[in-house]
**Q** 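Below: one structure in C-alpha cells.
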Amino acid sequence: MRRSKIAGLGFYVPEKVITNHDLEKIMDTSDEWIQERTGIKERRFYDPDSDTVANMGVKAAEIAIERAGIKKDDIDFIIMATLSPDYCFPGSGVLVQKEMGLDNIGALDVRNQCSGFIYSLAIADNFIRTGVYNNVLVIGSEIHSSGLDLTTRGRNVSVIFGDGAGAAVISPETNEGKGILVNHLHSQGEFAEELAVINPGSSGKERLTVDMVKNAEIFPYMNGNHVFKHAVTRMPEAIMEALETTGKSFEDIDLIIPHQANARITEFIAKKFGLGKDKVVSNIHKYGNTTAASIPIAMTEAWEEGRIKEGSLVCLTAFGSGFTWASSLIQY
Ligand code: UT7
C-alpha cells in the first residue's frame, strides 16, 4: 500500500517578541497569572510592514522544501491551514502560490482552526496514497495579533495567542510500515460558538456594523473553562483511537506533539499516559498558541533537536474551535 511521509519541515516566527511584561503595560494582567495558568512567557507579534499570513507560510515552506531535498517546482499542490487569512476571500493558499511562483498548481484553504494542520495533513496523505500527487505542501500560518482585544476586556483570550507559521512537505513513503499510519478527524458543531469570531459574518442582516466594533464583537470569544475541559478529554481520546486502529500501545510512542494551547493541557496529556516531559513536546512558553501553526512549529523544533529520528513513532493531536479535534500517527 502506498503511504505518505513528512519529507521536510520548517517554521518561521516574526522577530518581534512580546513578553508577559509587555502585556502588563497595556492591560490588567500579570506575568505570574499568565505563566501559572498557561505556561506562556512570551509570544511573537507580526510586523505589519513586512509579515503576511502568506509570506510567513512561504518562509516556513522554503525551509521545508530544502529539507525535503526537492525543488519548489516539484510541489504539486498547496494546502493552507489558517483561521486568519490575509483577505476575507480569496484564501491565502493562492497568495502562497503566487509568492512562490508555482506554476498554476491547485491551492486549498482549510478552516479548521487549531486542528487545521492535522486536517490538512490528512488531506495531503490521501492525495498521495491515491497517487493523485507526489509532493504536497502543507502550511499552517496565523496572524492573531491584529485581531485581538489587547485591553483588559479581552485579556482572558488575548494573552494566549501569538503569530507564526510552520510547513511540511508530504511525499510518498517507499519503506514498508513507515510513514503516516493513520489520521482521525472529528467535529462537534454544537459548541461552535464556544470559541469563535462570529462577526463580521455573512448571515446577519448586515455583515459589519459600527455597533459590532463598539461592542467588541469582532474579537474572538472563548469560554475558556469549557474549552479546557473538552481539550483534555478529546486529545487523549484521539491518541487512543490512533493506537487502537494501528494495534500500537502508548509504550510504543516516542513523542507526542500536541497542539500548543496551554501548558497545563499538555501536562495533563503527559500525566494521563504516564509519559515523562521528554516524550511530550511543549514550546508554548516561547510562542503562545499559534493555532494552525503550533503543531508544525513544535514538530520542526523537535526534529531540529533530534527528538524525531529514524524509527520514532510520533503522535500528533489537536483540539480547538469548532469544536474540532484530530490525531495522526507517524512512523519515521
Ligand atoms: O487553542 C484552542 C483551544 N484553546 C484552549 O484550549 C484554551 C483552553 N482554556 C484555557 O487555557 C484557560 O481557560 C485560560 C488560560 C484561557 C483561562 O484560564 P482559567 O484558569 O480557565 O481562568 P478563568 O477564565 O477561569 O479566569 C480566572 C480568573 C478570573 O477572575 P475572577 O473571576 O476569578 O476574579 C478572570 O477574570 O482570572 C481572571 N483572568 C485574568 N487575570 C489576569 C482572566 N484572564 C486573565 C489575565 N490576567 N490575562
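As the structure lists them, so they are numbered: ligands from 1, and atoms in each ligand from 1. Position 1 is the first residue of the sequence; numbering continues from there. All of these numbers come straight from a predicted model, not from anything done at the bench.
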**Q** Is the contact between T29 and ligand 1 made by the side chain, the backbone, both, or neither, using heavy atoms and a 4.0 Å cut-off?
**A**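 Under 4.0 Å from ligand 1, T29 contributes backbone and side-chain atoms.
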
**Q** Check whether any N or O atom of S30, backbone or side chain, sits under 3.5 Å from an N or O atom of ligand 1, and answer yes or no.
**A**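 Not met; the criterion fails.
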
**Q** Would you say atom 14 (C) of ligand 1 touches the protein, meaning some protein heavy atom is under 4.0 Å from it?
**A**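 Under the 4.0 Å cut-off, atom 14 (C) of ligand 1 has no protein heavy-atom neighbours at all.
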
**Q** Is atom 21 (O) of ligand 1 near the protein, in the sense that some protein heavy atom lies at less than 4.0 Å from it?
**A**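 Given the 4.0 Å limit, the answer for atom 21 (O) of ligand 1 is yes, a protein heavy atom qualifies.
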
**Q** Below 4.0 Å, non-hydrogen atoms only: which portion of R264 touches ligand 1? Side chain, backbone, both or neither.
**A**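 The part of R264 near ligand 1 is the side chain, not the backbone.
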
**Q** Within the structure, is a non-hydrogen atom of I34 found at a distance of less than 4.0 Å from ligand 1?
**A**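 It does not; every heavy atom stays at 4.0 Å or beyond.
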
**Q** Taking only non-hydrogen atoms of V157, do any sit less than 4.0 angstrom from ligand 1?
**A**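 No heavy atom of V157 comes that close to ligand 1.
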
**Q** Below 4.0 angstrom, counting only protein heavy atoms, does anything approach atom 34 (O) of ligand 1?
**A**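 Not a single protein heavy atom is under 4.0 Å away.
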
**Q** How about atom 31 (P) of ligand 1: does it have a protein heavy atom within less than 4.0 Å?
**A**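 For atom 31 (P) of ligand 1 the answer is no, since every protein heavy atom stays at 4.0 Å or beyond.
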
**Q** Under 4.0 angstrom from ligand 1, any heavy atom of M27?
**A**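 It does not; every heavy atom stays at 4.0 Å or beyond.
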
**Q** Taking both backbone and side-chain atoms of T38, is any N or O found less than 3.5 Å from an N or O belonging to ligand 1?
**A**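 In this structure, T38 places no N or O atom under 3.5 Å from an N or O of ligand 1.
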
**Q** Among all the protein's heavy atoms, is there at least one whose distance to atom 24 (O) of ligand 1 comes out below 4.0 Å?
**A**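 No.
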
**Q** Does M222 have a non-hydrogen atom less than 4.0 Å from ligand 1?
**A**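 Distance cut 4.0 Å: M222 passes for ligand 1.
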
**Q** Checking the N or O distance criterion of under 3.5 Å, is ligand 1 in contact with S321?
**A**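 Looking only at distances, the answer is no, because the N/O contact criterion of under 3.5 Å is not met.
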
**Q** When you measure from atom 27 (C) of ligand 1 to the protein, is at least one non-hydrogen atom found at a distance under 4.0 Å?
**A**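 Protein heavy atom within 4.0 Å of atom 27 (C) of ligand 1: present.
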
**Q** Going by an N to O cut-off under 4.0 Å, is there a salt bridge joining E237 and R234?
**A**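 Answer for the salt bridge query: yes.
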
